[in-house]
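As structure tokens, the structure follows; a few thoughts come after it.
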Amino acid sequence: MKILQLDKNHPLISEQLTAKGFVVEEDHSSTYDEVLEKIIDYQGIIIRSRIPLDKNFLTKASHLKFIARVGAGMENIDIETAEKFGIKLINSPEGNRDSVAEHVVGMLLILMNRLLIASNEVKNGIWKREENRGDELLGKTFGIIGYGNMGKATAKRLSGFGVKVIFHDILPNLSDEFATQVSLEELQKRADILSLHIPLTSETHYLIDEEFISKMEKNFYFVNTARGKNLKTKALVQAIESGKVLGACLDVLEYEKSSFENLETENQDLKYLLDSEKAIVTPHIGGWTHQSKEKLAQVIVDKILTDFKN
Ligand SMILES: O=C(O)[C@H](O)COP(=O)(O)O
């Protein structure tokens, strides 16, 4: 079986698959059209998110046996069309869930204890203590939306902080020793911290908007390590300005791929967040540790080998 790998991943993918008799070819630079021209030669694709596998692409690649997404998010794949053609879809959230969970805890501790601000002040010769009093996680209610791999890994880490973890998920009966499942209304009533762990779909696009935020009963901290478009950025900016959102930890942005040039004139909301002391922003590195690179690769190889023999 010939497999085309479209993004650079850990070398163990091609090493292990080659050892099992697969032919793995690397192509990390061809454009969408160039890949389409040669896709007929391959039976499988391994991808991160460089090229969108949309309806047009999949219609011309309907012979594929599988698409393996090294990572969690599948919004770059037209799932309905792939399923219609019987193309097996594989992803690997088990590989970067630990990294995402640690990122959530890390960002929250930094934000709530003003660690970055205080550190930068000290480095600039400023010694302020009263202004840099922190806010403890202990005793807070942490509300998760989406209790899959990332949500669960985050709940597990937080249970050691004396935090009450509740979550909402569209699937029923998911409560475990780390967290209790509640309705969305109850989560909006009780949460001191809101963290997103959902995929980006037409249902979750702009899930967090003005209306959602208005239903949150308490002032709250907001964490997004899911997808930028799960949040309407303008609504977050308004909520930070009004004091409803106490602070935001953002590893993903609605405008991620857009240029940071002309920020002043073209993207006031993003500029506001980048300038605000109440927002911590990282460049989509939640699932991006040295360890997760290897784990993502191993998970994907194991899943491919479970379903496909050469
Ligand atoms: O979905 C994921 O696993 C992460 O968000 C990483 O996505 P990326 O492969 O597009 O960097």
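Read the numbers this way: they start at 1 and go in the same order the structure lists the ligands and their atoms.
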Subject >> Residue and atom name of the nearest protein heavy atom (relative to atom 11 (O) of ligand 1), distance in Å to one decimal >> reply: Arg48 NH2, 3.4 Å
Subject >> side chain to side chain contact (heavy atoms under 4.5 Å, CB included) between Asn230 and Ile208, worked out >> reply: CA-CA 6 Å; Asn230 293 139; Ile208 309 302; 5.6 Å; no
**OP:** Considering non-hydrogen atoms only, spot the tightest contact between Phe142 and Leu108 and give its length.
**Re:** CE1-CD1, 3.5 Å
**OP:** Looking only at protein heavy atoms, identify the closest one to atom 7 (O) of ligand 1 and say how far it is in Å.
**Re:** Arg69 NH2, 3.3 Å
Subject >> Aromatic ring pairing Phe66/Phe308, orientation class (parallel under 30°, perpendicular over 60°, tilted between) >> reply: tilted
Subject >> Donor-acceptor pair between Tyr32 and Asn56 side chains, under 3.5 angstrom >> reply: yes
Original post:
Is there a path of hydrophobic side-chain contacts, each under 4.5 Å between heavy atoms of I, L, V, M, F, W or Y residues, that connects Leu89 with Val299?
Top reply: no
Original post:
Tell me: protein heavy atom nearest atom 10 (O) of ligand 1, and distance?
Top reply: Ser49 OG, 2.4 Å
Original post:
Is any side-chain N of the basic residue among Glu25 and Lys38 closer than 4.0 Å to the acidic one's carboxylate O?
Top reply: no
Original post:
Can you list the atoms of ligand 1 that are under 4.0 Å from a heavy atom of His284?
Top reply: 4 (C), 5 (O), 6 (C), 7 (O)
Original post:
What part of Asp7, side chain from CB on, backbone N/CA/C/O, both or neither, has a heavy atom under 4.0 Å from ligand 1?
Top reply: neither
Original post:
When you look for heavy atoms under 4.0 Å from ligand 1, do you find them on the side chain of Arg97, its backbone, both, or neither?
Top reply: neither
Subject >> Residue and atom name of the nearest protein heavy atom (relative to atom 2 (C) of ligand 1), distance in Å to one decimal >> reply: Ala72 N, 3.3 Å
**OP:** Return a yes/no value for Ala226: is any of its N or O atoms, backbone included, closer than 3.5 angstrom to an N or O of ligand 1?
**Re:** no
Original post:
Going by the order shown, which atoms of ligand 1 are within less than 4.0 Å of some heavy atom of Gly71?
Top reply: 3 (O)
Subject >> Pair Leu246-Lys278, side chain to side chain contact (heavy atoms under 4.5 Å, CB included): steps then yes or no >> reply: CA-CA 7 Å; Leu246 300 165; Lys278 292 188 174 172; over 6 Å; no
